[in-house]
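All values derive from a computational prediction rather than experimental measurement.
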Amino acid sequence: MDKTKGFGHYLDRTVKTIEVAYQKVFKTQSIDLTIEQWVFLQQIYERGEFVSQRELTNLNFRTRATTSRMIGKLVEKGYINKSRFEGDKKQFKLALSQQGKKTIEKLLPFIHHLRAIGYRDISEKDFSVFLEVLDKIWENYHQAELFPSE
């Protein structure tokens, strides 16, 4: 790889291809979700009964405002419920609605299939190295002090 061209092109190309594949599945299943909304929805599902909005902000490396807009859209679409934690008026707790649970259950087999496509012909060792390289690139940028304290 020509390092002078950078790796951003390769990352962007791959991410866009994955996004298109996911959007096709969502469309064929008549589900109104973006990729980013799916990620939030799945994280709420995986974390169980209640997740705080702050937790989602940290998990997704998003600003509070971006997370708030994302949550608002998911509530508006009926996928999640948003309320306050008992005794804590500052934090919102998020839970899947019945529609959200049904949507997750409907999409998971398709998502597993899409992931399998991505992993095809990649050894476990190569995939592990790939993740290590991505982590190192992320670390390099953060160590360069380009980002304020998180």
Side-chain angles (χ1 to χ4, degrees), residues 1-82 92-148 150:
M1 177 172 86
D2 180 358
K3 288 183 180 181
T4 61
K5 287 188 177 183
F7 49 83
H9 167 76
Y10 297 97
L11 291 172
D12 192 47
R13 173 187 73 173
T14 304
V15 168
K16 283 189 178 12
T17 300
I18 293 168
E19 287 176 347
V20 167
Y22 275 64
Q23 284 305 141
K24 283 182 180 179
V25 166
F26 297 164
K27 188 175 181 176
T28 62
Q29 296 305 305
S30 302
I31 294 177
D32 181 23
L33 278 177
T34 66
I35 302 303
E36 197 168 23
Q37 289 168 351
W38 163 256
V39 170
F40 275 68
L41 196 63
Q42 186 176 18
Q43 287 173 338
I44 294 167
Y45 171 77
E46 288 173 350
R47 285 186 166 51
E49 189 143 342
F50 298 110
V51 179
S52 74
Q53 191 164 325
R54 180 178 298 151
E55 187 178 356
L56 281 182
T57 298
N58 294 335
L59 282 170
N60 291 291
F61 308 100
R62 300 288 185 260
T63 64
R64 289 186 326 195
T66 299
T67 300
S68 183
R69 280 191 301 275
M70 188 69 55
I71 297 305
K73 289 284 185 189
L74 290 170
V75 168
E76 189 179 297
K77 292 178 178 185
Y79 293 122
I80 63 172
N81 298 314
K82 178 179 173 178
F92 286 106
K93 68 178 176 182
L94 309 168
L96 289 179
S97 66
Q98 281 303 105
Q99 179 184 348
K101 289 176 187 171
K102 287 178 185 173
T103 300
I104 289 279
E105 290 165 4
K106 182 177 182 179
L107 285 176
L108 275 177
F110 296 99
I111 300 304
H112 291 144
H113 176 71
L114 288 174
R115 289 178 184 160
I117 290 170
Y119 301 146
R120 189 173 42 221
D121 298 330
I122 299 174
S123 71
E124 202 170 309
K125 180 183 176 199
D126 285 348
F127 195 75
S128 179
V129 169
F130 167 71
L131 293 178
E132 287 175 29
V133 170
L134 288 177
D135 278 343
K136 186 61 183 166
I137 291 169
W138 182 85
E139 224 176 84
N140 289 344
Y141 277 98
H142 275 74
Q143 287 177 353
E145 298 181 17
L146 298 170
F147 303 93
E150 298 175 318

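Of the inter-residue distances, the one linking Ile122 atom CD1 with Glu124 atom CD reads 12.0 Å to the nearest 0.5 angstrom. Atom CZ of Arg13 is separated from atom OG1 of Thr17 by 7.5 Å, given to the nearest 0.5 angstrom. Here the straight-line distance linking atom CG of Leu56 with atom CD1 of Ile80 works out to 7.5 Å at 0.5 Å rounding.
Arg47 meets the salt bridge (charged side-chain N to carboxylate O under 4.0 Å, His left out) test with Glu55; sequence neighbours excluded. Residues passing the salt bridge (charged side-chain N to carboxylate O under 4.0 Å, His left out) test with Glu19, sequence neighbours excluded: none. Residues meeting the side-chain contact (heavy atoms from CB on, under 4.5 Å) test with Glu46, sequence neighbours left out: Gln42. Residues that satisfy the side chain to side chain donor-acceptor pair (under 3.5 Å) test with Asp32, not counting sequence neighbours, are Lys77. Applying the salt bridge (charged side-chain N to carboxylate O under 4.0 Å, His left out) criterion to Asp135, with sequence neighbours excluded, gives no partner residue. For Asp12, the side chain to side chain donor-acceptor pair (under 3.5 Å) criterion is met by Lys16, not counting sequence neighbours. Contacts of Lys125 classified as salt bridge (charged side-chain N to carboxylate O under 4.0 Å, His left out), with partners at least two apart in sequence or in another chain: none. In terms of the side-chain contact (heavy atoms from CB on, under 4.5 Å) criterion, residue partners of Asn58 (sequence neighbours excluded) are, by chain and number, Arg54.
In this structure, Ser97 contributes its side chain and Gly78 its backbone to a donor-acceptor pair below 3.5 Å.
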Side-chain donor/acceptor pairs under 3.5 Å, residues 68-76, sequence neighbours excluded:
| unit_1 | atom_1 | unit_2 | atom_2 | d |
| --- | --- | --- | --- | --- |
| Arg69 | NH2 | Thr66 | OG1 | 3.3 |

Side-chain donor-acceptor pairs of residues 102-109 under 3.5 Å, sequence neighbours excluded:
| unit_1 | atom_1 | unit_2 | atom_2 | d |
| --- | --- | --- | --- | --- |
| Thr103 | OG1 | Gln99 | O | 2.8 |
| Lys106 | NZ | Gln29 | O | 3.0 |

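A ring pair (Phe, Tyr, Trp, His ring centres under 6.0 Å) check over residues 96-129, counting only residues at least two apart or in different chains, returns the pairs Tyr119-Phe127, Phe127-Phe130. Within the structure, salt bridge (Lys or Arg N to Asp or Glu O under 4.0 Å) contacts touching residues 110-122 (residues at least two apart or in different chains) do not occur.
Of all heavy-atom pairs between Arg62 and Thr57, the closest is O-CG2, 2.9 Å.
At a threshold of 4.5 Å between non-hydrogen side-chain atoms, the residues Trp38 and Ile111 count as touching. Within the 4.5 Å cutoff, the side chain of Asn60 has no heavy atoms near those of the Thr67 side chain. In this structure, the side chains of Phe26 and Ile35 come closer than 4.5 Å at one or more pairs of heavy atoms. With contacts defined as side-chain heavy-atom distances shorter than 4.5 Å, the pair Leu94/Phe40 does not qualify.
Taking the six-membered ring where tryptophan is involved, the planes of Tyr141 and Phe7 are perpendicular, since the angle between them exceeds 60° and thus also 30°.
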